[in-house]
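Comments concern the structure below.
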Amino acid sequence: MRRCSEGLPKIRTSIFSFRIKLMAEGELKDMEQFFDDLSDSFSGTEPEVHKTSVVGLFLRHMILAYSKLSFSQVFKLYTALQQYFQNGEKKTVEDADMELTNREESERKMEKEELDVSIREEEVSCSGPLSQKQAEYFLSQQASLLKNDETKALTPASLQKELNNLLKFNPDFAEAHYLSYLNNLRVQDVFSSTHSLLHYFDRLILTGAESKSNGEEGYGRSLRYAALNLAALHCRFGHYQQAELALQEAIRIAQESNDHVCLQHCLSWLYVLGQKRSDSYVLLEHSVKKAVHFGLPYLASLGIQSLVQQRAFAGKTANKLMDALKDSDLLHWKHSLSELIDISIAQKTAIWRLYGRSTMALQQAQMLLSMNSLESVNAGVQQNNTESFAVALCHLAELHAEQGCFAAASEVLKHLKERFPPNSQHAQLWMLCDQKIQFDRAMNDGKYHLADSLVTGITALNSIEGVYRKAIVLQAQNQMSEAHKLLQKLLVHCQKIRNTEMVISVLLSVAELYWRSSSPTIALPVLLQALALSKEYRLQYLASETVLNLAFAQLILGIPEQALSLLHMAIEPILADGAVLDKGRAMFLVAKCQVASAASYDPLKKAEALEAAIENLNEAKNYFAKVDCKEQIRDVVYFQARLYHTLGKTQERNQCAMLFRQLHQELPSHGVPLINHL
Amino acid sequence: MEDAQDMDAYTLAKAYFDVKEYDRAAHFLHGCNSKKAYFLYMYSRYLSGEKKKDDETVDSLGPLEKGQVKNEALRELRVELSKKHQARELDGFGLYLYGVVLRKLDLVKEAIDVFVEATHVLPLHWGAWLELCNLITDKEMLKFLSLPDTWMKEFFLAHIYTELQLIEEALQKYQNLIDVGFSKSSYIVSQIAVAYHNIRDIDKALSIFNELRKQDPYRIENMDTFSNLLYVRSMKSELSYLAHNLCEIDKYRVETCCVIGNYYSLRSQHEKAALYFQRALKLNPRYLGAWTLMGHEYMEMKNTSAAIQAYRHAIEVNKRDYRAWYGLGQTYEILKMPFYCLYYYRRAHQLRPNDSRMLVALGECYEKLNQLVEAKKCYWRAYAVGDVEKMALVKLAKLHEQLTESEQAAQCYIKYIQDIYSCGEIVEHLEESTAFRYLAQYYFKCKLWDEASTCAQKCCAFNDTREEGKALLRQILQLRNQGETPSTEMPAPFFLPASLSANNTPTRRVSPLNLSSVTP
């Protein structure tokens, strides 16, 4: 073997190809001679090939297969070889369009022009005979591509064509049905995918029954998994009731035959289905425990991950969650479950963002992306295009947009579009992300009509988010009563489905509505409720935004000192982790409070305070400039001009006033008192 | 003129053709110009290709090559024929052959056009019509064909109506044909019998078949359908006679094997039955009925995996074979997977929307899945389309009973009993006693003493409800004696038929498994 693989590989291959050439161009007897010679290579005192080496085994396998052939089969093999050789020759000669020419050579000779286009296309699509191994390789390759990198796999239509072709040649090739099921899932075809799935299991049941090693056990096993897969299929298409029925069936059969592994899978699915209605983590905890007991690391850590997700929404402390994730990470590395490692990192990114730690989230997302190189060692050159990557990239885009790096964000989105084309299964993620970013920019810019047009798109992808954004647009357009109605409805719905994050956001919007309609006293209890909620669920980011709102309400109520002290509490996390817009708003608010509280100071101290306020305003202006908030800049400039006026700095005042005038002409005023903006 | 020229070559080739030496025949016909000789030339080339294809399947090189062997001659034939076709040099037979070649190459649309043309050129060639029949899949397609206006068209239409399960129309057509002078055609008689078989009018089909056998005792065609009918009626002796008779005529015919298979199945020798169905498939791998029948046999042998295999094969041959879909559903139902089998039953139901058996099966599955609303719908529909086994109403009633909708339950039982007595058949219905018992109790609760006591008396006629009936009668008597006046104003919703005989002769019940029927 060594000699073969290392010693003279070049010469070997050339000799082989020479022999093949000899056979193909010669006669039948050359082939017979070849096989005779082949068996000689084992004999002798120092055989050329060792009998038990890899090459030796392969050769002996070949000889055995050859000697089993009947008379007519030998001739068939020979003609097949000849044809194969001729095709190869031609490929080297004319590289383009070879598919068309060499296959139909015989016809071409006969009457080329008689053949109309239809038959030609058909013939080309039947890309000839595949051997068992080739077919298996084709299927496994396509399946893994579908899982990891959909864009590299064949398009749904052409893949289906190949599969039909394969099945036409050999209807018993059950795996092809399964791939066809996967392929149909890609195009969301319920009918054909059900058909393919059931067909696959019908076939599988046969093979399971035939192979004696499995016997009755194998047969029953495939039955259980058939039902389970059917449940998965219905779940995927959102037929939850059907899925539940199928799952019950799978559970029943599995229980009857004491198949704990299958039961474990069922339990996980049961959780997934249960999630759609209520959040009972008892089931999940149980599932994790059992999975560990039966030694199913994949299921166990998947369970842990779901549990972490659920707990995160339920407001458990971060350290516990991270601990759990760390434990499951250990498990992943031990069993080298690279897929789960990806998911885990993506999840960490999401959790950090949920808690409002943008730096940590950024770091995790980038870590996942640089893990790519690690994966390439394992699985060849292919890139991983799994859901976790899509999620991480979306977070990255949003984080960049928050920091005002719109160019970077759009770069990330462009990359996403390339990696996950619009018809692939994870495309919805970036579509939503893209629209959200666009919406935010339009709102900052004051282009409400543009934002309004984006709302429909967002609603299509995520209805709750859509309604929320609609309310914001209405609010910005001063349609307060409509906005209020919408927000109340949304609030009730979100409380029902326990979407705490959204509840707090809605509460904040409601509060804003109240103080914008000059009733800040009503806003206060709402804000306090939001604060309590965000503290309870440890949503740092929302908590500081609530504090900001609260401080503003206090400012309006005429207690700027109180507001200032409150702000000191919130400003730190905002400056550390908040979005640029929030930083600007915070600084602006600080300046306003400073001015307001300076009213009672003595002149010297007052001037000092005003100077400080102007500094803060400058900072706020910088932040606003980063995200193109012209409206806010206008307000800041106005305020600055007023302050300069008070301090008697005419030149600076005039400069600011000019800037304000420019901006004011650019932007239409909505008739809201300037001071009433946060 | 040309015919005379080619006469020698043609006669020689015909002789070779008759002994199935196709290549030899083609060789001697090469270069002949007459249309007759040309057809024979092409036809022998086609058949030679087909024969080689069949031989080839035996020694293929690998499993994936199995489906790959194809008639190598087809493409050459197509090229030559299409050239002739464009030059309009083909006669009716040539067109027919061209169509066959196209069909074999899966060029269905072109094939249909060519066959239609063939029927125009040579309307009396039944082969072309038959091929056309195989290619038409629905009524819409039929509408858009422009067929020649000959009497052959009537035969074709009747045939295709049978094929598309439009039995009423088919029977009408056949009746017309008989009226205009084809009364002695055994073909028409057999087709009518098959049509009756398809709508499960068993008695009529049986009598026609018996008549047919008297007229044409050595006929083997359609006898498999006849045997199915005998099987469904469990007429053992007749079936045995038929099997022996056919075996004497020709034992290597697909139909014969099928009849023998049915015979063994009826005698519960399922291994032997499966063997004979396998033999039928060896004789003609495209004979799809046998796959389904084999599936039934494996089901009887409780070999579910083999049964699934057989049914799947049947579906592969013909996707519209509702019996195979139904069989698959039954198999999974036996494996206790009611949700899983729903899919299969639904497919079967789609193919036969008006067959109550599928609907009842669907209903049972839904009932097992506790989807009672759906189950009720299914049973109701099954009753509405004309229930074959008379079970739908009882099941519906029981469902209502479960849901404590006593009013509806009682209605169903009443309808059920009316149904049984109105059809006049003296068949033991197991659920009769249940129905009467429920009704008795229902009337008792409603305080309709007269009706209650009638029903209770009926209950006494059955073994399993006798005691309850008597007890109820006593109670009624007691209550009546206490002077509770019955509310006579209320009209009784139903009156029992007068001709109730207490001791029905118990005969066999039609079991749902007897689905072994072959539609052509």
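A, B, ... follow the sequence lines: proteins, then strands. Residue 1 opens every chain. This structure is a prediction, so every number in the text was calculated from the model and none was measured.
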Fill in: Under 4.5 Å from any heavy atom of chain A - which part of B:Y311
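When you check distances to chain A, no heavy atom of B:Y311 falls under 4.5 Å.
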Discussion item. Can you tell me which portion of B:I315 sits under 4.5 Å from chain A's heavy atoms? Options are side chain, backbone, both or neither.
Written reply: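 Contact with chain A is absent: no heavy atom of B:I315 under 4.5 Å.
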Roughly how far, to the nearest 0.5 Å, is the [atom2] atom of [Y] from the [atom1] atom of [X]?
X: A:H199; Y: B:E316; atom1: NE2; atom2: CD; result: 5.0 Å
X: A:I253; Y: B:L335; atom1: CD1; atom2: CG; result: 8.0 Å
X: A:L223; Y: B:S305; atom1: CG; atom2: OG; result: 9.5 Å
X: B:Y340; Y: A:L198; atom1: OH; atom2: CG; result: 4.5 Å

Practice prompt. For A:R252 and B:K336, indicate whether the former's side chain and the latter's backbone hold a donor-acceptor pair under 3.5 Å.
Written response: yes
Discussion item. Quick one, A:D202 and B:Q309 - any side-chain contact, counting heavy atoms below 4.5 Å?
Written reply: no
Item to complete: Name the member of A:Q242, A:Q241, A:K68 that forms the most heavy-atom pairs with chain B at distances under 4.5 Å.
Response: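 The candidate making the most pairs under 4.5 Å is A:Q242.
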Worksheet item: Which pairs, with at least one residue in residues 340-350 of chain B and sequence neighbours excluded, count as a salt bridge (charged side-chain N to carboxylate O under 4.0 Å, His left out)?
Response: none
Item to complete: Please report the shortest heavy-atom distance between A:A227 and B:M337, naming the atom on each side.
Response: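 Answer, listing the atom of A:A227 first, then B:M337: CB-CE, 3.9 Å.
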Discussion item. Check the orientation of A:H234 and B:F339. Use parallel for under 30°, tilted for 30 to 60°, and perpendicular for over 60°.
Written reply: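 Perpendicular, since the angle between the ring planes exceeds 60°.
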Discussion item. Tell me every residue that passes side-chain contact (heavy atoms from CB on, under 4.5 Å) with B:E117, counting only those two or more places apart in sequence or in another chain.
Written reply: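 Residues passing side-chain contact (heavy atoms from CB on, under 4.5 Å) with B:E117: B:H85, B:R88, B:L95.
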